[in-house]
Amino acid sequence: MIMSRIEAPRDEATSNLTDRLLAGLPPEAVLTDTDVTASYANDMASFCPAGAPAVVVLPRTVEQVQHVMRTATELRVPVVPQGARTGLSGGANATDGCIVLSLTRMDRILEISPVDRIAVVEPGVVNAALSRAVEEHGLYYPPDPSSWETCTIGGNIGTASGGLCCVKYGVTAEYVLGLDVVLADGRLMSTGRRTAKGVAGYDLTRLFVGSEGSLGIVVRAVLALKPRPPRQLVLAAEFASATAACDAVCRIMESGHVPSLLELMDRTTVKAVNAFARMGLPETTEALLLAAFDTPDPTADLAALGALCEAAGATQVVPAEDPAESELLLQARRIALPALEAATGTTMIDDVCVPRSKLGAMIEGTERIAEKYRLTIGVCAHAGDGNTHPVVCFDAKDADESRRARESFDEIMALGLELGGTITGEHGVGVLKKEWLAREIGPVGMEMQRAVKRAFDPLGILNPGKLF
């Protein structure tokens with residue numbers, strides 16, 4: 001095992017760590033107060049252990065990141081890279097005695113090129129900030145996780161995150177053209193390209209996307225952009241069952257329509273959103289499907305899609321009248337996860353992706369699991385991708401309920417694999433799903449994954465304990 005080769009830093013190394021870091025970093029970039037460093041220990045995942053970092057470092061330059069990694073290699077100290085810590089799998093959780101390398105201060109947009117349709121950014125750039133900056137140039141950066149107002153591009157790259165628009169535009173991996181990466185020993189490597197095409201050598205860029213900081217530290221990214229589309233219009237369709245809503249999704253995709261968004265919320269999620277933000281969504285529905293088009297004539301496209309929803313059994317189909325009303329509906333979907341957490345106190349957010357044709361079976365199976373474990377499990381989904389987010393709600397102070405929550409979470413992942421799916425569509429493996437990665441890819445796959453890890457990080461100091 002790679003991780004078994006990491007040893008806790010020796011006493012003399014620990015006492016020397018801060019001084020060694022300060023030799024190449026300004027004092028304000030090195031945090032050692034235990035009350036402060038403890039606040040960097042976790043991301044937003046439940047049931048994921050975290051350790052106590054020895055120090056938190058907040059670099060502003062590539063050279064400072066290189067200094068941190070050289071120091072970590074010399075002293076054999078583990079390094080846990082972090083962005084905004086909005087992750088949901090424990091991938092940014094600290095380990096005891098580690099250096100937490102927070103990249104949030106590397107937040108510059110270095111270049112926007114309308115001709116080449118690229119942006120060059122540092123890892124701490126917030127997703128929404130980039131989206132607004134490129135919009136001023138008539139351009140569009142499609143990946144839009146629900147936490148887009150706070151999550152960073154570096155974190156998006158680390159987990160290969162998705163978002164609401166993936167059904168038409170795809171996920172983060174499809175927009176990362178090139179990277180500058182600081183390796184475990186402090187060397188700087190550039191991968192990929194700035195050009196629209198390029199096949200020189202192995203695609204190391206895609207290897208880093210989704211690697212959760214286990215192979216190197218992304219310090220700069222070249223991102224592909226698209227022309228800004230027209231403002232989208234949204235349609236809301238109510239259904240008497242989640243099965244009927246999933247049937248509508250299948251009809252829409254089979255018909256050849258390409259919506260810019262196709263999202264589903266079940267009854268539990270709709271009620272939580274209403275309670276959280278008084279959104280006025282219809283609580284009589286068993287499933288609410290949101291669809292959008294950003295085409296030149298979205299009204300006609302929505303009418304055709306609405307007819308398909310009615311054929312699938314929609315009890316009501318209501319198109320938004322304007323972009324403002326559309327944005328209100330999208331906001332309701334974006335706040336689904338915090339709304340469920342606010343309603344119940346603690347949540348475990350699953351991230352199982354199945355073939356679209358199996359979406360109904362996935363949601364029906366999740367309902368049975370909820371009944372079996374006597375738990376509330378709300379489901380929201382990027383329905384057009386088959387990417388479901390069953391949200392297990394429980395009382396963390398109740399030991400039995402916590403046990404049932406964890407067991408139900410595992411059964412949901414097992415169900416996804418049985419249906420030909422994957423344990424994570426966009427949140428990553430982190431700590432939460434380590435054992436499930438091995439089940440999905442098998443022993444030969446694990447052997448090759450570990451071989452890649454050893455090639456880039458022979459000492460095993462980069463984000464230890466994650467993935468496998």
Side-chain angles (χ1 to χ4, degrees), residues 88-89 145-146 159-174 210 239 241-255 257-259 261-269 286-291 308 312 333 336-337 340 347-373 375 377-392 407-430 432-433 435-442 445:
L88 295 165
S89 67
S146 293
T159 59
S161 61
L164 305 188
C165 70
C166 296
V167 63
K168 180 174 182 178
Y169 292 104
V171 297
T172 296
E174 296 169 60
F239 292 87
S241 70
T243 301
C246 293
D247 179 37
V249 171
C250 292
R251 290 171 185 251
I252 291 165
M253 301 309 296
E254 185 179 18
S255 71
H257 287 291
V258 186
L261 174 144
L262 195 56
E263 297 287 310
L264 182 147
M265 294 189 289
D266 71 353
R267 177 186 66 249
T268 299
T269 306
E286 291 294 315
L288 184 67
L289 191 65
L290 302 179
L308 290 171
R333 171 60 184 88
L337 300 184
L340 284 163
T347 58
M348 288 187 71
I349 303 169
D350 220 323
D351 173 36
V352 175
C353 192
V354 297
R356 296 184 189 100
S357 58
K358 302 295 185 181
L359 182 61
M362 183 68 204
I363 293 179
E364 288 176 354
T366 301
E367 291 174 353
R368 290 194 297 270
I369 292 169
E371 292 174 3
K372 174 182 176 180
Y373 287 97
L375 292 167
I377 302 180
V379 179
C380 53
H382 307 307
D385 305 321
N387 193 177
T388 67
H389 294 308
V391 182
V392 182
E407 291 178 3
S408 70
F409 184 91
D410 287 344
E411 280 207 25
I412 290 169
M413 284 193 286
L415 173 63
L417 291 181
E418 290 170 11
L419 294 172
T422 175
I423 60 169
T424 175
E426 58 187 4
H427 292 171
V429 175
L432 192 60
K433 299 185 177 183
E435 66 174 284
W436 287 96
L437 177 64
R439 297 192 197 190
E440 178 171 334
I441 69 175

Is any side-chain heavy atom of [X] closer than 4.5 Å to a side-chain heavy atom of [Y]?
X    : Y    : result
L262 : L290 : no
D410 : W436 : yes
V167 : M253 : yes
I412 : L415 : no
R333 : H382 : yes
L340 : T268 : yes
Y373 : V392 : no

Donor-acceptor under 3.5 Å ([X] side chain, [Y] main chain):
X    : Y    : result
T424 : H427 : yes
S161 : P145 : no
E426 : A160 : no

Contact summary for [X] and [Y], nearest pair of heavy atoms:
X    : Y    : result
S146 : L164 : OG-CD2, 4.1 Å
T366 : V379 : CG2-CG2, 3.9 Å
I423 : L437 : CD1-N, 3.5 Å
C246 : L264 : SG-CD1, 4.3 Å
C166 : V171 : SG-CG1, 3.6 Å
R356 : A383 : CG-O, 4.5 Å

Query raised in the report: Testing I377, I369, D266 for side chain to side chain contact (heavy atoms under 4.5 Å, CB included) with P390, which one passes?
Result: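 It is I377, the one option of I377, I369, D266 that forms the side chain to side chain contact (heavy atoms under 4.5 Å, CB included) with P390.
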Query raised in the report: Heavy-atom count around E435 CD within 6.0 Å, excluding the residue itself: above 12?
Result: yes
Query raised in the report: Any side-chain donor-acceptor pair under 3.5 Å between E364 and T243?
Result: yes
Query raised in the report: Between K372 and E411, is the closest basic N to carboxylate O distance under 4.0 Å?
Result: yes
Query raised in the report: Would you call K433-D350 a salt bridge at under 4.0 Å N-O?
Result: yes
Output the distance between atom [atom1] ([X]) and atom [atom2] ([Y]), rounded to the nearest 0.5 Å.
X    : Y    : atom1 : atom2 : result
M348 : S408 : CE    : OG    : 7.5 Å
F409 : T347 : CZ    : OG1   : 10.5 Å
L432 : S89  : CG    : OG    : 6.5 Å
K168 : D385 : NZ    : CG    : 14.0 Å
H389 : E263 : NE2   : CD    : 8.0 Å
L308 : R251 : CG    : CZ    : 7.5 Å

**Report entry** Pair L337-I349, side chain to side chain contact (heavy atoms under 4.5 Å, CB included): steps then yes or no
**Finding:** CA-CA 8 Å; L337 300 184; I349 303 169; 4.1 Å; yes
